[in-house]
Protein chains: 2
Amino acid sequence: MYASDKKAVVDALRMAGVSPTSQRVEIAYHLYNRQEHLSADQILEGVNGDYPAVSRGTVYNALNLLVEKGLVRELIAAPGKVFYDPNTHPHHHIFYVDQGVLMDLPAEMVQVKNIPVPEGCEIEQIDVVVRVRG
Amino acid sequence: MYASDKKAVVDALRMAGVSPTSQRVEIAYHLYNRQEHLSADQILEGVNGDYPAVSRGTVYNALNLLVEKGLVRELIAAPGKVFYDPNTHPHHHIFYVDQGVLMDLPAEMVQVKNIPVPEGCEIEQIDVVVRVRG
DNA sequence: CTTGTCACTTAGACAGGTTCTAAATTTAGC
DNA sequence: GCTAAATTTAGAACCTGTCTAAGTGACAAG
């Protein structure tokens with residue numbers, strides 16, 4: 001998702017057929033504005049900074065909806081470590097194991113070729129995660 | 001890990017500096033002998049087929065130890081879906097989302113190039129998971 | 001303005017998978 | 001055979017994430 005301000009977030013949600021409720025806008029805006037990959041819990045904390053504004057359930061619902069509508073990408077970096085990435089363009093990831101931080105790798109930096117697609121199957125996503133230590 | 005019989009498993013464990021307790025041997029042997037990717041739970045069930053022989057905690061401890069010692073590879077296919085792979089040679093994976101099944105892709109079938117390694121970091125593993133639907 | 005409907009949010013209960021803990025057991029070194 | 005250290009066990013605890021039932025709010029029709 002690309003959205004520089006809350007109005008743009010509202011438009012992006014509407015365009016994807018998602019009612020832009022205040023909670024969803026807060027969540028999407030927060031995810032966009034931090035140029036990191038955030039976990040559901042980090043988003044919950046971030047959105048509820050001053051005072052509780054959004055419930056846990058809504059954060060999960062909203063994130064799942066955004067993933068389903070293709071506005072956000074879900075990334076699994078390690079067992080129990082799910083991150084959400086507002087960048088849906090093709091690109092890959094590097095995971096700093098010791099710090100638990102996940103960063104982007106531009107698509108050009110990694111070449112993936114010759115993916116075999118079985119009959120009748122459709123590639124949903126190709127995840128390339130480079131796990132580095134140190 | 002490559003081990004055709006229990007004696008070979010014992011040797012492999014010893015070589016990696018892991019005391020070959022009977023439970024660990026059972027677990028490693030079971031994982032090797034099924035040419036699938038198994039979850040911790042499937043391994044627990046499999047090892048305890050006839051009568052309870054190994055506790056849940058031990059299965060998790062043993063698997064984590066084997067991963068740490070490089071005898072087994074840990075694969076994350078989806079949130080909450082962790083599989084263990086006795087094949088530690090370079091290769092990739094294809095995940096059939098609808099069936100929840102993870103299969104090998106020979107390394108030659110996917111070319112990954114130009115991985116940038118940050119200063120002072122060491123690549124631990126490169127995970128390529130092709131997620132297909134249908 | 002009032003009502004009814006519908007989608008959404010909420011809090012808390014629940015579920016699955018993994019780790020932790022304390023006690024019991026086994027292993028290894030003398 | 002002892003003793004100490006490592007390992008296993010059962011079960012409690014924990015963490016993410018989902019479900020449920022009730023409550024809230026927006027909106028259209030009367």
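Values reported hereafter were calculated over all heavy atoms of this structure, with side chains retained and with hydrogens, waters and symmetry mates removed. Since we're looking at a predicted model, the values are computed, not measured. Sequence lines set the chain letters: A, B, ... in the order given, protein chains first and strands last, and positions in each chain run from 1.
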Completion exercise
Ranking D:dT7, C:dC8, D:dT9 by distance to the side chain of B:S55, first place goes to D:dT9
Practice task
Please state how far atom CZ in B:R14 lies from atom C1' in D:dA6, giving the value in whole angstrom units.
Solution key: 15 Å
Problem - side-chain N/O B:Q23 vs C:dT26 OP1/OP2, d < 4.0 Å - result: no
Handout entry: Whole-Å distance separating the CD atom of A:E74 from the C1' atom of D:dG17
Key = 11 Å
Exercise for the section: Looking at every strand, decide which applies to A:A62 at a 4.0 Å heavy-atom threshold: base, sugar-phosphate, or nothing. Expected result: nothing
Practice task
For A:I76 and C:dT18, give me the distance from atom CD1 to atom C1', rounded to whole Å.
Solution key: 16 Å
Handout entry: A:Y60 vs D:dG17: side-chain N/O to OP1/OP2 distance below 4.0 Å
Key = yes
Practice task
Considering just the side-chain nitrogens and oxygens of A:R56, establish if one lies under 4.0 Å of OP1 or OP2 belonging to D:dT16.
Solution key: no
Exercise for the section: Answer yes or no: is there an ion pair linking A:R73 with A:D127, defined by an N-O contact shorter than 4.0 Å? Expected result: yes
Exercise for the section: Could you check how far CG of B:N61 sits from P of C:dT21, rounded to whole Å? Expected result: 13 Å
Problem - Candidate pair A:N87 and A:H37, rule side-chain hydrogen bond (donor to acceptor under 3.5 Å, both in side chains), full reasoning - result: CA-CA 9 Å; A:N87 177 4; A:H37 301 95; over 6 Å; no
Problem - Nearest-angstrom distance from the residue atom CD of A:Q42 to C1' of D:dC15 - result: 15 Å
Practice task
Round to the nearest Å and state the distance from B:D41 atom CG to C:dG16 atom P.
Solution key: 11 Å
Exercise for the section: In plain terms, say whether A:E122 and B:R133 are close enough for a salt bridge, that is, a side-chain N and a carboxylate O under 4.0 Å apart. Expected result: no
Completion exercise
Comparing B:S19 with B:G57, nearest DNA chain C nucleotide closer to 5' gives the residue B:G57
Problem - Interatomic distance, B:K81 NZ vs D:dT16 C1' [rounded to whole Å] - result: 15 Å
Problem - Nucleotide C:dG17, atom P - distance to CZ of B:F83 in whole Å - result: 11 Å
Exercise for the section: Would you please confirm or rule out a distance under 4.0 Å between OP1 or OP2 of D:dT18 and any side-chain N or O of A:N64? Expected result: yes
Practice task
State whether a side-chain donor-acceptor pair under 3.5 Å links B:H91 with B:D85.
Solution key: yes
Completion exercise
The answer to which of B:P20 and A:T58 contacts DNA chain C further toward the 5' end, by nearest nucleotide, is A:T58
Handout entry: Side-chain donor or acceptor of B:R24 paired with backbone N/O of B:L65 under 3.5 Å
Key = no
